[in-house]
Every structure is written in C-alpha cells, then in structure tokens.
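Accompanying notes for the structure given below.
Lettering of chains follows the sequences in order, A, B, ..., and the numbering in each one begins at 1.
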Amino acid sequence: MSEHLPAIIVAAPLVAALAAPLAALRSARWARACALLGQLAALAASGAALERVLRSGPWRYAFGAWAPPWGIEHSVDGLSAGLAVLFSALAALTSLYGWHHEEEDPPVREGALQGMLLLLLSGCLGIALTADLFNLYVFLEIASLSSYSAVAAGSGRDAAKAAFQYLLLGSAGASFWVLGLGLLYSASGTLNLPHLAALWPALAARPEAAAGLALMAAGLALKLPVFPLNAWQADAYAAAPARAMPLLSALLSTALAMALLRLLNLGLGGSGAAGPVLAVLGWAGIVTVLVASAAAFGQSDARRMLAWSSAGQLGYVLIGLALGTRSALAGAVWYAAAHSVLKCCLFMVAGEVGRGGRCDVDDFRGLSRSRPAAAAGLAVAGLALAGAPPAAPFFGKWALLQGAFQSGAWVSAAALSASSLLTALYVFRLIGKAYLEQPASGAAGRSGWAPVCILAAAAAGVLLGLFHQPLMAALVEPAL
Amino acid sequence: MSYAVCAALALLGLHGMSQSSNLLRRLMALNVLQVAVIAFYLLLAVKTGAEPPVLEAGAALSERFINPLPHALMLTAIVVSVATTGVGLALLIRIHRQFGTLEDGR
C-alpha cells in the first residue's frame, strides 16, 4: 500500500472531485463533507509519504511499473512530500473555513465549486511530485482549468470576464510550455527530468535546448504570474468567490514556483546551466518586488491589494532562483511555502470582512472591535509577511539576503530590503484600519469556523518560523 | 520549411489573441496557437522514408517507423485544447448573457 502512495496522493482528491457534485444532489453540506474527506485523505497519504522519506530517504515511483525514461515517474523527496502535506493541509483548512457559507446558490453549484477546488488540489499535488515534464503539463492544465472555473464561480458582475482573460493568458502560457518542451525533446530525446539533467551538459550549448528552456520559463511566467505579464491576476483575485480565494492564491503559484525551481536550478545540475533565462527572471524579480509592492499600497479593493502583494512576493522567489547559491535557493523555497500559508490566512480575513462579493480596504475599519479574532489573525499574518521574526518569511528573506551578499549581488540585496519596507506599508495600512479606526455600522455576523481557521493559519505561519531550522535541514536542504 | 508554417501559425494565433476586439475570435486564435504547437510535435516525429507506426502481423520492427511518442503526447494536448475551448465557450455564453455582446470595450 505504501508503495503506491504517490498515486494515492494524487488520486484521492480526483475521486472526491467526481463524488462532490454527486453528493451535492443531497445537499451542499454533503458536497463540502465529501470535499473535506478527499482533502484529508490526501493529507494522510502525503503525511505517510513524508514519514517514509524521513525514515528511509527519497524514492522514485514509476507509474504502471514502466521504468523511466520511457515511463512516467514521480519523485518523492523531503521537498515534494513536504509540499504535498502543505497543499493538502491548506485545502482542508479552506474547506473548514467555508463550511458555514450561506447557500444562496443551488447545491449543484456548490458541488461543482468543491469539485473544481479538489481538481486544483490534485493538479498541484501532481505538479509537486512529478519528475516527468509532460506529466507536469497535464497536472498544470488540470490545476489551471479548475482555477479558471473556480474564478468564474464568483458572484460579481465581472467574474466571467476575469475568468476568460485568465483562461486566455494561462492557456497561452501552457502552449509556450509545451512548445518549449518540444524543442527540448527534439534536442534530448527525453521528457524525464533526472534523465534530462544527466544529458544537459552535452545539450546546453545547442540553440534549440536554450530556446526550449526559455519558452518553458516564459510559459510559467504567464501563469505564475511574473510582473509585466500579470494582467489577469488582479481581476481574477477580485472576482473569485471568497471561500475559494484562500486556496486559489496559495496553491497554484507556489506549485508553479517549485516547478520553475526544479526545471531551471535543480534539474539541470545546479546554477549556471540556464544562465540567460535565470538572468532575465532575476531582473524581473527585482522589478516585481519593488513595483508590485508599491502598486499594492495604492489599491482601494483589498483583494486587488492582496493580488499585487502575491505578485510582489513571487519576486522574492525569482530573485532567489536567479542567485542560485544554496542559501538563496533554500530561501526561495522556504519563502514560497511561508507565503502560501500567510496569503491563505490574509484571504481568509478578506473573505470574513467583505460582504456582497466585495471587499474594500475601508471595510477593515474597526475590525478589532467587530471581529477581534480575524483582526488578530490579520495582524499576525501581516507582520509575518512584512518579515517580522520569528515568523516564517523572515528566515526566507534572511537566507535570500545571505545568498545575495555571498554572490555580491548588491542590487538584489537592496531590492530585497526596500521591498520589505514597501510590504510593511500596505500591511500596516490594513492593520491600522483594523485597530485604529471606528467600525462601519452594521457588520453582519458570519463566523462559523472562520475565526478558528484564520488563527490556525496565522499560528502555522509563526510555528513554521519557530521550527525553521529542523524543517529546512530535513526537507529543503537535501533536495537542493 | 514546414517548421516555418508552425511558426507562422503560432504568430497568427498570438496576433489574434492580442489584437482582436471580439472575445470569440480571441478564443479561436488561442486554438490556432495550440494547433501550431501540435503541428510542431507532429513534424518532429517525421523521418525520411519512414512509415506510420502501425504494426502488421508478421512485419518486422524496424527504424522505418516514424516516432510515435510525439503523436501520443499530442493526443493529450488535443484533449487539453478541447477542454480549454469548452470552458472558454461556456464563459463566453455567460458573458454574452450578461453584457449582450462579445466585443471587448477597449
């Protein structure tokens, strides 16, 4: 049984995704229960896989017993198993967060939304685990298509338009990925990432291999998204339903950042192998980190602010990838994981605060009086995101700064420091409204388990930071 | 020369996606881009003087078959393209019901 854990990890949410719309025929509550079951099953399987990795080291699983490079394999190491645990835990937490959502829609729509979120989880788990580049495309599209549909499930006027724009840009990105992979395949003859890494020294000089890599990175840049290409992000994040947004913001970007890391840094035998692409991404990261954080400050819609915040935080990961030293890569990985937990928490708060499908920054006024638990979560998560120790992002930024100083990359180091200040600006804008201003009249009560989930996510962000030493040593370092 | 056709198709698709004012035309341009990628893989698979990879009873396996792997990969890509088109068209139906038009007000 434990032999087939990678298959179970990916299959459990898939099966639940088929069952959730059927369960919705009974009631929306049954659909959510079905979704939660699938997510908990994935969490249990991921935990078992992680336990096996910690006990006896990383292992590779070949689907259908076809040996790679002909067959598709998943590689389970500390990093991928740890990510799988993280994704399933965030999905289960988001399910609990949305448990008491009032049903304005017919249950069938709730079942469909839960199905889409489960497919998103399944796709992201596959992206985290897979070692085959075309298999990555398949899981990428599973996750992306379900994201488009989840965004379209929003109740606002612009949900369908935002989802369609997301679909166009995301599918163009996927097409670039496949085109680049075709070029890489024509040069190397393999789709398997470890095999490609072994062949890469002989290939690196060939133009089609470099072009293929650049196209694949460009495709991911459209989906992540990287700053100049993030036209779809603010609209999509503002339009998506509030109970889906924590998951949508936390899962796919993190999984794609890890995919980018594995493709450019790890899969190809270390830094320097993908030089020009990494240089471009590094500069994009520096620009993103400054521009997006500044753009976030000026937003009046809190969800758009958080969308620009996500784009900006991704810049840290890109800077880490471009620096390429061990410390920088560890910082990039750690920061991506920490950001996903905290952004999930912040979107949970935004979902609690907003009403009628909208969430303005002004709605945060007086939150400490009307919803003290949510305000506490906001304060902790916001300060953590801005880089306050002992929460998790601080250690990621610290490792990135160390990497920047080691490489003599002064521009990166300056950008990293300046962006922390910019992040603090928009975070304190929200926290200030919550604690220093009077509440608007007539805040509707809609809590259920939402405050507990918000506090749990914020606490997780702090706990990850407190335990960053053993976690990074056991999970992140061996994979680099 | 045939790879140039793929490049032309891809550029056509990208041009349509960025320059069209009609949302349905943008979706079709996305399809053209996806077809360009599919054609690229199929052209990769061709070998001179080779046959389609169909095994006949008693025939020997030889290098005279074209590479079947890109064809198999593109079956998946076609399925993804169809699914994407389906989701896109469903969204367009909803947009049309809401706004009465598919022209992007740029």
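- One finds the OG atom of A/Ser171 at 5.0 Å from the CG atom of B/Leu30 (value rounded to the nearest 0.5 Å).
- Panel note: side chain B/Gln34, backbone A/Ser175; no donor-acceptor pair is recorded below 3.5 Å.
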For this session: Show your reasoning for whether side chain to side chain contact (heavy atoms under 4.5 Å, CB included) applies to B/Val37 and A/Phe176.
Result: CA-CA 8 Å; B/Val37 175; A/Phe176 288 152; over 6 Å; no
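- Atoms CZ and CD1, on A/Phe164 and B/Ile95 in that order, are 6.0 Å from each other to the nearest 0.5 Å.
- Note: B/Leu27 CG to A/Leu168 CG = 6.5 Å, rounded to the nearest 0.5 Å.
- A donor-acceptor pair is defined here as one N or O able to donate and one able to accept, closer than 3.5 Å; no such pair exists between the side chain of B/Arg94 and the backbone of A/Lys161.
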Problem set entry | Working for side chain to side chain contact (heavy atoms under 4.5 Å, CB included), residues A/Leu183 and B/Phe40 | CA-CA 9 Å; A/Leu183 283 168; B/Phe40 177 76; 3.5 Å; yes
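- The contact between B/Leu73 and chain A is made by backbone and side chain atoms together, counting heavy-atom distances below 4.5 Å.
- Interatomic distance, CG of B/Leu69 versus OH of A/Tyr185, reported as 4.0 Å (0.5 Å rounding).
- Taking OH from B/Tyr41 and CG from A/Leu179, the interatomic distance works out to 7.5 Å, rounded to the nearest 0.5 Å.
- Closest of all the heavy-atom pairs between A/Gly182 and B/Leu44 is O-CD1, 3.5 Å.
- Both the backbone and the side chain of A/Val178 come within contact range of chain B, judged by heavy atoms closer than 4.5 Å.
- Looking at B/Ile38, neither its backbone nor its side chain comes within 4.5 Å of chain A, counting heavy atoms on both sides.
- Here ring pair (Phe, Tyr, Trp, His ring centres under 6.0 Å) pairs that include residues 109-128 of chain A, with residues two or more places apart or in two chains, number zero.
- For A/Asn135, the side-chain hydrogen bond (donor to acceptor under 3.5 Å, both in side chains) criterion is met by A/His74, A/Thr130, not counting sequence neighbours.
- Here the CG atom belonging to B/Asp104 is positioned 8.5 Å from the CD atom belonging to A/Gln165, to the nearest 0.5 angstrom.
- Screening B/Thr85, B/Leu92, B/Thr84 for a side chain to side chain contact (heavy atoms under 4.5 Å, CB included) involving A/Leu167 leaves a single residue, B/Thr84.
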